[in-house]
Number of protein chains: 2
Amino acid sequence: MTPDLTRNQSLVMKTLSGAEAPLSAYTILDRLRDDGLRAPLQVYRALDKLLDMGLVHRLESLNAFVACAHPHTHEQELIAFAICENCGKVEEFSDEVVKERLDGWAKSHRFRAAKTTIEIRGDCGGCEAKG
Amino acid sequence: MTPDLTRNQSLVMKTLSGAEAPLSAYTILDRLRDDGLRAPLQVYRALDKLLDMGLVHRLESLNAFVACAHPHTHEQELIAFAICENCGKVEEFSDEVVKERLDGWAKSHRFRAAKTTIEIRGDCGGCEAKG
DNA sequence: AAGGATATGTAATGTCATAACATATTGGCC
DNA sequence: GGCCAATATGTTATGACATTACATATCCTT
């Protein structure tokens with residue numbers, strides 16, 4: 001069912017999975033130089049497929065990518081991200097009520113939603129405790 | 001109360017207000033060449049101020065900017081955008097329940113939200129009717 | 001008039017993403 | 001096995017978005 005990953009896809013996935021925070025495509029590339037990757041497109045192509053498979057998310061407000069925290073569990077869900085501007089960590093969550101409300105708006109306005117982005121920028125509790 | 005706009009800010013604001021759809025900073029620049037603007041920074045600096053004043057919004061998923069549809073009316077609101085990928089037009093709306101739910105999540109996770117982005121990409125009714 | 005804050009002008013550079021083209025690998029299907 | 005289509009890969013160049021750094025000008029307050 002889940003297709004196997006190709007070499008480049010595996011490398012990119014592994015890099016993202018091991019990262020503490022979102023990475024830009026160029027940062028991923030830098031970390032994979034030793035594995036033979038040389039051009040941005042090698043990373044972007046792998047990311048495209050991983051996004052399609054739902055294994056990776058793109059954070060629009062950051063122009064960066066994260067490994068999905070709950071692969072396969074949200075086929076139908078609307079995912080929101082809380083991004084700490086201090087430590088860079090990202091929390092992934094979903095809220096059925098939010099989804100219902102946005103779906104309701106779309107329906108009443110005859111808007112056919114293809115993809116919805118919800119990103120909250122701020123400071124996570126951990127950072128505040130330290131600061 | 002509302003500070004007057006400087007020359008560059010006015011030019012940028014006027015360009016965005018007259019546009020049917022979001023514009024990138026470089027598109028704005030191109031449209032203002034005849035008014036003497038020459039460098040991206042002149043546009044970005046004006047945009048920064050206009051964003052601060054709440055007269056303009058940035059669409060993260062588009063790397064583009066729109067004039068605010070309801071200036072001064074949403075000091076406290078959470079604004080969502082529905083972006084038509086067909087005609088490019090953007091609808092701006094807010095939903096108190098969505099705001100409450102996201103605020104609730106943030107509170108329960110000790111996350112201090114600074115800015116929240118909600119962007120729905122899809123097709124607006126008008127486009128579907130034509131297609 | 002002096003001085004600080006804000007706005008402006010300009011060049012250079014940094015960051016993110018894709019187009020275009022060539023080559024290689026994979027996987028059915030006869 | 002051999003063929004062909006689909007998919008993946010490699011590489012160069014270019015396009016699109018945004019900021020750093022520095023110089024100059026304007027505005028406001030005293």
Side-chain angles (χ1 to χ4, degrees), chain A residues 1-16 19 21-53 55-66 83 85 88 90 115 117 119 121, chain B residues 1-16 19 21-53 55-66 83 85 88 90 115 117 119 121:
Chain A
M1 36 155 295
T2 298
D4 286 338
L5 300 182
T6 67
R7 171 178 158 79
N8 288 359
Q9 287 160 19
S10 295
L11 288 168
V12 169
M13 191 66 220
K14 200 170 140 192
T15 304
L16 279 178
L23 300 179
S24 76
Y26 278 75
T27 302
I28 295 169
L29 176 58
D30 285 341
R31 297 195 182 178
L32 291 175
R33 297 270 180 203
D34 292 345
D35 295 286
L37 292 217
R38 309 190 158 233
L41 215 53
Q42 294 176 290
V43 172
Y44 280 109
R45 284 200 279 228
L47 285 170
D48 280 347
K49 297 295 181 185
L50 294 170
L51 288 166
D52 281 349
M53 296 177 205
L55 298 177
V56 160
H57 300 296
R58 176 187 166 81
L59 298 174
E60 303 288 351
S61 68
L62 244 42
N63 292 334
F65 304 85
V66 283
I83 304 166
E85 297 184 321
V90 173
K115 187 183 181 233
T117 298
E119 297 178 15
R121 308 278 299 262
Chain B
M1 35 155 298
T2 298
D4 287 337
L5 300 182
T6 66
R7 170 177 160 80
N8 288 359
Q9 287 162 16
S10 295
L11 288 169
V12 169
M13 192 66 220
K14 199 170 140 192
T15 304
L16 279 177
L23 301 178
S24 76
Y26 277 76
T27 301
I28 295 169
L29 176 58
D30 285 342
R31 297 193 181 180
L32 291 174
R33 296 270 181 204
D34 292 345
D35 294 287
L37 292 219
R38 312 191 154 226
L41 212 54
Q42 295 176 291
V43 173
Y44 280 109
R45 284 200 279 227
L47 285 170
D48 280 347
K49 297 296 181 184
L50 294 170
L51 288 166
D52 280 350
M53 296 177 205
L55 298 176
V56 160
H57 300 296
R58 176 186 165 82
L59 298 173
E60 303 287 352
S61 68
L62 244 41
N63 292 334
F65 304 84
V66 283
I83 303 167
E85 297 183 321
V90 173
K115 187 185 180 230
T117 297
E119 297 179 14
R121 307 279 298 263

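The structure displayed is predicted, hence computed values, not measured ones. Below, chains carry the letters A, B, ... as their sequence lines are ordered, and counting in each starts from 1.
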Please collect all salt bridge (Lys or Arg N to Asp or Glu O under 4.0 Å) contacts where either partner lies in residues 25-36 of chain A, sequence neighbours excluded, each pair once.
Asp30(A)-Arg33(A)
In whole angstroms, how far is the P atom of dT15(C) from the CZ atom of Phe65(A)?
16 Å
Looking at five pairs on each end of the helix from dA1(C)-dT30(D) to dC30(C)-dG1(D), what is the angle between the two axes, given to 10 degrees?
30°
Checking dT8(C), dA8(D), dA17(C) against the side chain of Tyr26(A) (C-beta onward), the nearest is dA17(C)
Heavy-atom nearest pair, Gly88(A) first then Ala21(A), reads O-CB, 3.4 Å
Look at Asn8(A) and dA8(D) and indicate whether a side-chain polar atom (N or O) is within less than 4.0 Å of OP1 or OP2.
no
Given atom CG of Asp4(A) and atom P of dG27(C), what is their separation to the nearest angstrom?
9 Å
Side-chain N or O of Ser24(A) versus OP1/OP2 of dC16(C): is the shortest distance under 4.0 Å?
yes
Rounded to the Å, how far apart are Leu11(B) CG and dG9(C) C1'?
15 Å
Gap between atoms CG and P, on Leu51(B) and dA18(D) respectively (whole Å)
11 Å
Got Asn63(A) and Arg58(A) here, is their nearest side-chain heavy-atom distance under 4.5 Å?
yes
Taking CD from Gln9(A) and P from dT26(C), how many angstroms apart are they, rounded to a whole number?
13 Å
Could you give the CG-to-C1' distance, from Asp48(B) to dC17(D), as a whole number of Å?
14 Å
From Leu47(B) CG over to Leu55(B) CG, what is the distance, rounded to the nearest 0.5 angstrom?
11.5 Å
side-chain contact (heavy atoms from CB on, under 4.5 Å) partner of Leu11(A), chosen from Leu32(A), Ile28(A), Leu5(A)
Leu32(A)
Check whether any side-chain heavy atom of Thr27(A) sits under 4.5 Å from a side-chain heavy atom of Thr15(A), and report yes or no.
no
Below the 4.0 Å mark, does dA18(D) have OP1 or OP2 next to a side-chain nitrogen or oxygen of Arg58(B)?
yes
In whole angstroms, the gap separating C1' of dA17(C) from CG of Leu62(A) amounts to 16 Å
Rounded to the nearest 0.5 Å, what separation is found between the CD atom of Gln42(A) and the CZ atom of Arg38(A)?
8.5 Å
Looking only at dC16(C), dA7(C), dT9(D), the nucleotide nearest the Asn63(A) side chain is dC16(C)
So that I can tick it off, tell me whether Glu60(B) and Arg121(A) are bridged by a salt bridge, with the cut-off set at under 4.0 angstrom between side-chain N and carboxylate O.
no
May I ask you to list the residues of residues 27-45 of chain A, by number, that have any heavy atom positioned under 4.0 Å from an atom of DNA chain C?
Leu41(A), Tyr44(A)
Check the distance between dC27(D)'s P and Leu5(B)'s CG and give it to me in whole angstrom.
15 Å
Would Ser61(A) and Glu119(A) count as having a side-chain donor-acceptor pair, cut-off 3.5 Å?
yes
